[in-house]
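Worksheet: one structure, shown below.
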Amino acid sequence: MERKLKEALEQRRSYYSLKAGSPIPDAEIEGIVRFAVKHTPSAFNSQSSRLVLLLHDHHAALWRIVKQTLQTVVPPQAFARTEEKIDRSFASGYGTVLFLEDTAVVEGLQRQFPLYADNFPTWSEHTSAMHQLVVWTLLEEAGFGASLQHYNPLIDAAVHQEWQLPGNWRLIAQMPFGIPAEAPNEKTFNPIDERIRIFG
């Protein structure tokens, strides 16, 4: 039985140790991505989010790109630790979802609604964030562990070249996922009453 949304959100965590298994067929993973893109809201109904699902060799290729890119900027004495983290936490998983935003859509809205032009790039980020949460929660509900990573903009050019993505698709985040290999860190919460004000 599918869990209620509140329960799924409560259980969603960041997993930093993954195995390359899947509790569901690849077609169901694709279904999660398609569902998120279709039903997640967006500012002005812009539908500006673009998602790329990388499985199997494509997933491995992404994390090779990340390591090769970081090797050019991380000091040699520190790279071994960086490589170990990538291999254990991200590359070791089953797949990765790339989150991008179509800047052509954003620029079109800026021209159409000049009064709000300065706000559309921020609202585009909000739209991407909602897609990230929906995918993350649905992956967790399906039995995966996942985390959200930001190796952009270092990897942008290589990613666009590897998968021939349109130049106006701006990379926002990467979400590696797989079977959890270790329990996540314990969640901690700042006092809720310091973060909420209610009037009425």
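- No path of Ile, Leu, Val, Met, Phe, Trp and Tyr side chains, each step under 4.5 Å between heavy atoms, connects Met175 with Val159, placing them in separate hydrophobic clusters.
- Residues Glu101 and Ser48 bring a donor and an acceptor atom of their side chains to less than 3.5 Å of each other.
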Would Lys6 and Glu10 count as a salt bridge (charged side-chain N to carboxylate O under 4.0 Å, His left out) if you check the C-alpha gap in whole Å, the side-chain angles of each, and the deciding distance to 0.1 Å? CA-CA 6 Å; Lys6 286 174 64 175; Glu10 183 179 31; over 6 Å; no
List the steps and the verdict of side chain to side chain contact (heavy atoms under 4.5 Å, CB included) for Val135 and Leu51. CA-CA 10 Å; Val135 171; Leu51 276 62; 3.8 Å; yes
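- Using modelled atom types, one finds no donor on one side chain facing an acceptor on the other under 3.5 Å when comparing Glu186 with Thr188.
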Please assess Glu125 against Arg170 for the test salt bridge (charged side-chain N to carboxylate O under 4.0 Å, His left out), listing each intermediate value before the final yes or no. CA-CA 11 Å; Glu125 298 275 356; Arg170 182 169 69 92; 2.9 Å; yes
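- Panel note: side chain Ser92, backbone Leu18; a donor-acceptor pair is recorded below 3.5 Å.
- Of the N and O atoms on the side chains of Ser128 and Gln132, at least one donor lies less than 3.5 Å from an acceptor on the other residue.
- Counting only distance, with no hydrogens or angles, the side chain of His131 and the backbone of Ser49 share no donor-acceptor pair below 3.5 Å.
- Under the 3.5 Å distance criterion, the side-chain polar atoms of Thr72 are matched with a main-chain donor or acceptor of Thr69.
- Grouped with Phe189 in a hydrophobic cluster is no other residue, since no side-chain heavy-atom contact under 4.5 Å to another Ile, Leu, Val, Met, Phe, Trp or Tyr is found.
- Of the N and O atoms on the side chains of Gln174 and Asn152, at least one donor lies less than 3.5 Å from an acceptor on the other residue.
- Hydrophobic clustering, with ILVMFWY side chains joined whenever heavy atoms are under 4.5 angstrom apart, keeps Leu55 apart from Leu98.
- Residues Met130 and Ile32 do not share a hydrophobic cluster, defined by chaining ILVMFWY side chains whose heavy atoms lie under 4.5 Å apart.
- Both Leu53 and Leu148 sit in one connected hydrophobic cluster of ILVMFWY residues. Membership requires side-chain heavy atoms under 4.5 Å apart, directly or through other members.
- A search for side-chain contact (heavy atoms from CB on, under 4.5 Å) contacts involving Arg197 returns Phe199, not counting sequence neighbours.
- Using a 4.5 Å cut-off between side-chain heavy atoms of Ile, Leu, Val, Met, Phe, Trp and Tyr, with links allowed through other members, Phe90 and Ile65 fall into the same hydrophobic cluster.
- Ring centers of Phe120 and Phe44: under 6.0 Å apart, within the cut-off.
- Within the 3.5 Å criterion, the main-chain N or O of Ser42 finds no donor-acceptor partner in the side chain of Thr127.
- Counting Ile, Leu, Val, Met, Phe, Trp and Tyr side chains that sit under 4.5 Å apart, directly or through other members, Ile192 shares a hydrophobic cluster with Ile196, Ile198.
- Between Asp156 and Tyr151, the side chains place no donor N or O within less than 3.5 Å of an acceptor N or O (distance only, hydrogens not considered).
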With side chain to side chain contact (heavy atoms under 4.5 Å, CB included) as the test, would you mind laying out the steps for Trp163 and Leu62 before giving the verdict? CA-CA 10 Å; Trp163 288 284; Leu62 172 71; 3.8 Å; yes
